[in-house]
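Sequence positions, counted from 1, serve as the residue numbers for this chain.
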Amino acid sequence: YTIEPFIHWKDRSFLHCGAVSKENKAILFVGKGGVGKTSVVIYLIKNGFSYIADDWAIIGNSKVYPFFKTVHIFDYNLKNKELAKRALGNKRFLYRIIFAFFDLIDYIFKHRFVKIATRRLRPIFSVDITKLYPGVKLGTISDIKYVFLLEQDENLKEPRLEKTDAETVANKMIYVNLTEMNYFYKEYHEYAFASGKNSWLENRKENELKIMRESFKGAKTYRLHVPKKIRPDAVYQKISGLIDSK
């Protein structure tokens, strides 16, 4: 986690995403944090897909390279009773009370600063995918076949799918990458102020954007609008006609 931003390739980039594969054809779910990527990935691996990533993967040359890390389980993931039991065991009852308390605070005060504070205070759990689902199939280096950009829409009750292009997805995701690595760039800017700039770090945004464009170019790209309370089964039903086809 600490050294990831220092890792540098000319033709590869980190990507904040969830990813699964079938027959070495990868399906990427990209978008900002909290949109439901992990929920969809977990649902798909339970339905026969191979696990590649749920937080970060490595992309380049139109391929995705697995980057296995512990799965991040958030409070909204734990609303799935089976997942909550697998991840926390009997501790899930204690955390159910804690999360209910934070929900009550948000409901009473209804202020965005309060929501920011409670969001930061909510526990996040890291669980090994092979312990969460023993026997899960782990993916290998795979061609990127589909890229779904997940975006929340509070007015939706069911997922909505629309075609888009690699340029749109890349232009969105470069800022998600930067946001997710904000902890690093905050410290780097302090360093740059005191000691001078590092050339490849200064150009990182442009390099990663170029790699994303090239990696997504040969894939089928879609915007997947989802309700605030995402239902992975409904998402799968919406996209199954695409990703299950040969």
Side-chain angles (χ1 to χ4, degrees), residues 1-21 24-38 40-41 52-69 72 139-153 161-193 195-226 239 242-243:
Y1 176 77
T2 305
I3 68 168
E4 283 167 19
F6 288 105
I7 300 173
H8 176 59
W9 307 275
K10 291 183 179 180
D11 59 348
R12 292 174 179 81
S13 166
F14 281 110
L15 176 68
H16 183 61
C17 71
V20 297
S21 66
N24 290 329
K25 302 294 183 183
I27 303 147
L28 274 52
F29 298 95
V30 302
K32 65 180 185 178
V35 75
K37 300 184 294 296
T38 297
V40 174
V41 165
I52 292 180
D54 90 297
D55 189 24
W56 291 96
I58 299 166
I59 61 168
N61 306 311
S62 299
K63 297 182 183 297
V64 60
Y65 302 79
F67 189 62
F68 299 132
K69 298 173 65 176
H72 291 162
T140 59
I141 299 171
S142 304
D143 295 325
I144 300 174
K145 186 173 182 181
Y146 294 100
V147 182
F148 295 98
L149 173 62
L150 271 64
E151 298 177 300
Q152 281 185 344
D153 185 336
L161 193 66
E162 65 181 50
K163 295 191 83 170
T164 187
D165 54 61
E167 184 76 13
T168 298
V169 178
N171 286 338
K172 289 270 190 180
M173 287 310 300
I174 188 61
Y175 290 105
V176 172
N177 267 20
L178 292 172
T179 299
E180 292 295 325
M181 287 189 174
N182 181 58
Y183 67 92
F184 167 76
Y185 286 105
K186 180 178 183 297
E187 300 301 326
Y188 169 66
H189 292 148
E190 292 281 348
Y191 158 78
F193 175 78
S195 307
K197 297 179 179 180
N198 180 301
S199 59
W200 71 263
L201 272 171
E202 292 294 319
N203 296 326
R204 182 165 184 153
K205 176 184 170 185
E206 287 71 24
N207 292 339
E208 289 191 355
L209 185 57
K210 180 181 177 181
I211 292 166
M212 286 185 195
R213 287 170 177 158
E214 290 298 317
S215 294
F216 299 156
K217 188 167 60 176
K220 296 179 181 179
T221 50
Y222 295 87
R223 296 178 85 146
L224 183 57
H225 303 273
V226 296
I239 66 176
L242 295 170
I243 64 177

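Few gaps surround CD on Glu206; more than 12 heavy atoms of other groups in view lie less than 6.0 Å from it. Counting non-hydrogen atoms of other residues, nucleotides and ligands closer than 6.0 Å to OH of Tyr191 gives a total above 12.
With hydrogens and angles disregarded, a donor-acceptor distance shorter than 3.5 Å links the side chain of Gln152 to the backbone of Gly34. Looking at Lys210, its side chain never comes within 3.5 Å of a backbone N or O of Lys205 through a donor-acceptor pair. Put simply, the side chain of Thr168 never gets that close to the backbone of Thr164: no donor and acceptor are under 3.5 Å apart. A distance-only check finds no donor-acceptor pair linking the side chain of Asn61 to the backbone of Lys63 [under 3.5 Å]. Proximity of a side-chain donor or acceptor of Asn177 to a complementary backbone N or O of Phe14 within less than 3.5 Å is detected.
Nearest heavy-atom pair, Asp55 versus Lys69, reported as atom, atom and distance to 0.1 Å: OD2-NZ, 3.9 Å. Across all their heavy atoms, Val30 and Met173 have their closest contact at CB-SD, 3.6 Å. Smallest separation of non-hydrogen atoms from Leu149 and Gly31: CD1-CA, 4.2 Å. Summarising the geometry of Gly139 relative to Ser21, their closest heavy-atom pair is CA-OG, 4.0 Å, with the distance given to 0.1 Å. The heavy-atom pair separating Leu28 from Ala19 by the smallest distance is CD1-CB, 4.1 Å. Between Ile141 and Asn24 the shortest heavy-atom distance is O-OD1, 4.3 Å.
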Task: Trp9 and Ile58: CA distance, side-chain angles, deciding distance, side chain to side chain contact (heavy atoms under 4.5 Å, CB included) verdict - done: CA-CA 10 Å; Trp9 307 275; Ile58 299 166; 3.8 Å; yes
Open item on the list: With side chain to side chain contact (heavy atoms under 4.5 Å, CB included) as the criterion, how do Val64 and Ile52 come out once you've worked through the C-alpha distance, each side chain's angles and the decisive distance to 0.1 Å?
Closed with: CA-CA 8 Å; Val64 60; Ile52 292 180; 4.0 Å; yes
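Ala219 is linked by a side chain to side chain contact (heavy atoms under 4.5 Å, CB included) to Ile144, Val147, counting only residues two or more places apart in sequence or in another chain.
The side-chain tip of Arg223 does not point at the ring of Phe148 from less than 6.0 angstrom away and within 45° of straight on.
Taking the side chain as every heavy atom from C-beta outward, Val169 and Tyr222 never approach each other to under 4.5 Å. Contact of the Tyr185 side chain with the Arg204 side chain is registered, since non-hydrogen atoms from C-beta on lie closer than 4.5 Å. With contacts defined as side-chain heavy-atom distances shorter than 4.5 Å, the pair Lys37/Val35 qualifies. Side-chain contact between Glu180 and Trp56: present, with at least one pair of heavy atoms (C-beta onward) separated by less than 4.5 Å.
A salt bridge links Glu151 with Lys172; the closest basic N to acidic carboxylate O contact falls under 4.0 Å.
Phe184 and Tyr188 have parallel rings, their planes meeting at less than 30° on a 0 to 90° scale where 60° marks the start of perpendicular.
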